There are 2 protein chains.
Amino acid sequence: MNIPVELDPSIDDQAARAAWLYYVGGLTQDQIAAEMGVSRQRAQRLVSRAVAAGLIHVRLNHHLASCQELETALRTRFHLVRCRVMPGLGPDRDPVRAIAPAAAAELERVLREPEALVIALGTGRAMRGMVEAVGSIEAPQHCLVSLIGNIAPDGSASYFDVIMRLAEKVHAPHYPMPVPVISDTAEENATFQSLGPIRKVRELARAANVTFVGVGQMSDDAPLLTDGFLKPAELREVQGAGAVGEVAGRIFDAEGRYLDLAINRRLGGMQAPPTRPDRPVIGIAAGPSKIPAIAAALRSGILNGLVTDEATARGVLAL
Amino acid sequence: MNIPVELDPSIDDQAARAAWLYYVGGLTQDQIAAEMGVSRQRAQRLVSRAVAAGLIHVRLNHHLASCQELETALRTRFHLVRCRVMPGLGPDRDPVRAIAPAAAAELERVLREPEALVIALGTGRAMRGMVEAVGSIEAPQHCLVSLIGNIAPDGSASYFDVIMRLAEKVHAPHYPMPVPVISDTAEENATFQSLGPIRKVRELARAANVTFVGVGQMSDDAPLLTDGFLKPAELREVQGAGAVGEVAGRIFDAEGRYLDLAINRRLGGMQAPPTRPDRPVIGIAAGPSKIPAIAAALRSGILNGLVTDEATARGVLAL
DNA sequence: TCGCCTTGTGGGCAAATATTCATTTGGAAC
DNA sequence: GTTCCAAATGAATATTTGCCCACAAGGCGA
């Protein structure tokens with residue numbers, strides 16, 4: 001007979017319990033305070049801590065008619081195998097917030113497949129948001145592989161760190177790409193790419209059953225620029241060459257054709273695998289400035305799956 | 001180019017959008033009102049409607065240490081194949097509210113299995129709560145079968161109607177048991193049971209891959225009494241015979257041995273199938289008065305899976 | 001030991017939210 | 001066309017929540 005008694009529950013336990021009572025039980029914070037024997041303020045802090053720590057997940061269980069129509073329109077127009085359009089959150093809010101839960105649901109759907117799959121992942125804010133929104137789920141049968149180098153220009157080894165965080169959550173084997181996202185010289189990059197272990201990772205990624213990637217715009221607010229992978233002069237140069245977007249660091253033009261650029265030879269990681277109906281490559285992206293990039297990637301079939309928000313979906317369809 | 005425009009979104013669409021903006025977007029109801037062009041009160045009403053209609057799902061993404069310990073204790077003590085213990089919501093709240101989301105998650109896990117399964121279901125408040133909490137999920141490959149007659153003493157054909165509601169949600173073929181829960185005479189019951197279609201349903205249920213049932217207590221607040229299936233005198237009689245609980249209407253004693261009672265011959269439906277490690281029979285039940293019933297059912301192996309709340313788990317382990 | 005800083009706590013208050021109630025609106029029955 | 005009812009609305013109000021601040025406890029270096 002081993003009946004556990006509550007001695008010193010961790011702060012997260014307390015927070016989770018408070019949030020549970022608040023959101024699921026519908027108690028007021030006063031009642032929670034009484035129930036848990038703490039002050040009301042502490043109850044309030046516990047609830048907000050649980051929310052901040054992502055212990056609580058809210059999901060919409062209803063397909064808005066307007067979003068469904070957009071999904072259908074995108075699906076048929078671009079021959080998508082997966083498509084999710086979420087309601088927007090208003091013009092001046094981070095659209096990642098809107099699409100992260102849906103992207104996470106999409107990823108969870110894949111993770112729940114019983115047979116072993118290779119899941120390739122890009123990086124970026126949307127990817128990170130997606131992984132953060134993934135719930136606790138065990139998926140040790142799958143294999144997670146990164147498309148993109150994880151060494152940032154400043155030498156730090158964790159550009160968003162999408163693979164690691166996800167692997168930690170689902171306890172799956174994972175293969176980060178331990179090369180610079182972008183090397184200083186083509187030679188340095190070639191050296192990295194020729195290393196045996198890295199070739200292995202590349203082979204694995206090439207055979208990915210499902211791929212999740214962000215989509216970067218190449219306008220003046222390009223993530224490649226913001227994150228320091230391109231210098232302003234380089235950005236202007238590729239803009240001149242017709243660049244409108246980028247997936248896994250590979251830059252393409254308005255028709256979604258990959259461009260043959262000098263910087264390509266310095267790029268680590270690898271291009272997203274080619275799309276096939278049974279090998280979806282799903283873009284997770286939203287925001288007005290990304291519209292041309294998303295449209296281009298869909299047009300040429302770099303992507304055959306998309307999770308986005310309402311406003312972006314409309315924008316893409318209007319192009 | 002077919003860009004949908006928002007003309008007259010349904011009330012549920014509006015509610016879902018408002019709730020989305022509120023919970024996911026973190027807007028205040030004032031902002032939502034402005035965004036959607038309605039009054040603040042209306043925004044408030046939309047949000048609460050969405051919550052009431054279950055359009056929004058909140059789930060806790062954290063296993064409380066104390067609950068995990070209880071799960072482990074129950075699992076080893078009673079050789080359970082599935083076990084979930086949720087935090088309670090305080091003594092004077094409906095415990096169904098606490099366990100329904102977890103039970104629904106358990107059911108969804110089964111529904112997501114790709115190969116076709118036979119899923120047997122009991123009835124009761126906990127079952128209904130579970131089904132209500134199930135999200136939108138397609139599972140047409142499975143087959144839902146009821147263990148219990150669906151004709152109530154007053155002749156109405158929907159004693160909680162668990163099967164129908166679930167089938168409607170997941171679009172699975174379903175086999176209600178179109179017999180009285182309890183007939184007036186043994187002969188009437190025998191007549192019903194001998195009908196061909198009903199025998200088919202019984203056979204199906206016997207081979208169920210997974211079974212979900214409620215657990216009824218046989219104290220003075222027995223659900224069988226409350227719902228009018230037993231008369232007070234009958235209840236006292238079976239109490240005298242040692243009845244402590246009931247699963248799918250079949251009454252058992254404190255050791256979980258089914259009792260041979262006169263009313264058995266009038267019971268429609270069928271007993272829960274025997275437990276096997278690969279054929280879980282999962283009890284969904286919580287509440288102080290159910291503790292002896294749950295303990296008995298676990299002890300004799302009527303159940304080999306359980307979803308309950310903290311307080312009940314402690315009570316069961318303390319027996 | 002003393003200050004100093006970090007971290008957590010409770011009180012109070014303004015903002016946000018829920019509820020109540022009187023009123024209007026839309027529609028069905030007559 | 002009228003009447004009646006039920007549902008929806010907006011205003012008023014009560015409750016709840018989020019936030020700021022002042023303060024206390026505890027670690028840490030001087």
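Chain identifiers are assigned alphabetically (A, B, ...) following the order of the sequence lines, protein sequences preceding nucleic acid strands; residue numbering begins at 1 within each chain. The model shown is predicted, which means the values in this text are computed figures rather than measured ones.
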Give the rounded distance in Å between these two atoms: [atom1] of [X] and [atom2] of [N].
X        : N       : atom1 : atom2 : value
Arg40(B) : dT13(D) : CZ    : P     : 14 Å
Tyr23(A) : dT17(D) : OH    : P     : 10 Å
Met36(A) : dT9(C)  : CE    : P     : 12 Å
Leu46(B) : dT17(C) : CG    : P     : 14 Å
Arg49(A) : dG8(C)  : CZ    : C1'   : 11 Å
Gln29(B) : dT15(D) : CD    : C1'   : 13 Å
Arg42(B) : dA7(D)  : CZ    : P     : 15 Å

From Arg45(B) atom CZ to Arg40(B) atom CZ, the distance as rounded to the nearest 0.5 Å:
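It comes to 9.5 Å.
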Regarding Gln41(A), tell me which of base, sugar-phosphate or nothing describes its non-hydrogen contacts under 4.0 Å with the strands shown.
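Counting heavy atoms under 4.0 Å across all strands, the contact made by Gln41(A) includes a base.
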Return whichever of Arg45(A) or Tyr22(A) has its heavy-atom-nearest nucleotide of DNA chain D closer to the 5' end.
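Checking each residue's closest nucleotide, the 5'-ward one belongs to Tyr22(A).
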Is Val316(A) close to Thr308(A) at the side-chain level, that is, under 4.5 Å between some pair of heavy atoms?
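Of all side-chain heavy-atom pairs linking Val316(A) with Thr308(A), none is under 4.5 Å.
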Only one of Lys169(B), Arg112(B), His171(B) clears side chain to side chain donor-acceptor pair (under 3.5 Å) with Glu138(B); which?
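Among the candidates, only His171(B) passes.
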OP1 or OP2 of [N] under 4.0 Å from side-chain N/O of [X]:
X        : N       : result
Gln44(A) : dT17(D) : no
Ser39(B) : dG10(D) : yes
Thr28(B) : dA16(C) : no

Do NZ/NE/NH1/NH2 and the carboxylate oxygens of Glu106(B) and Arg84(B) come within less than 4.0 Å?
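No, no charged N to carboxylate O under 4.0 Å.
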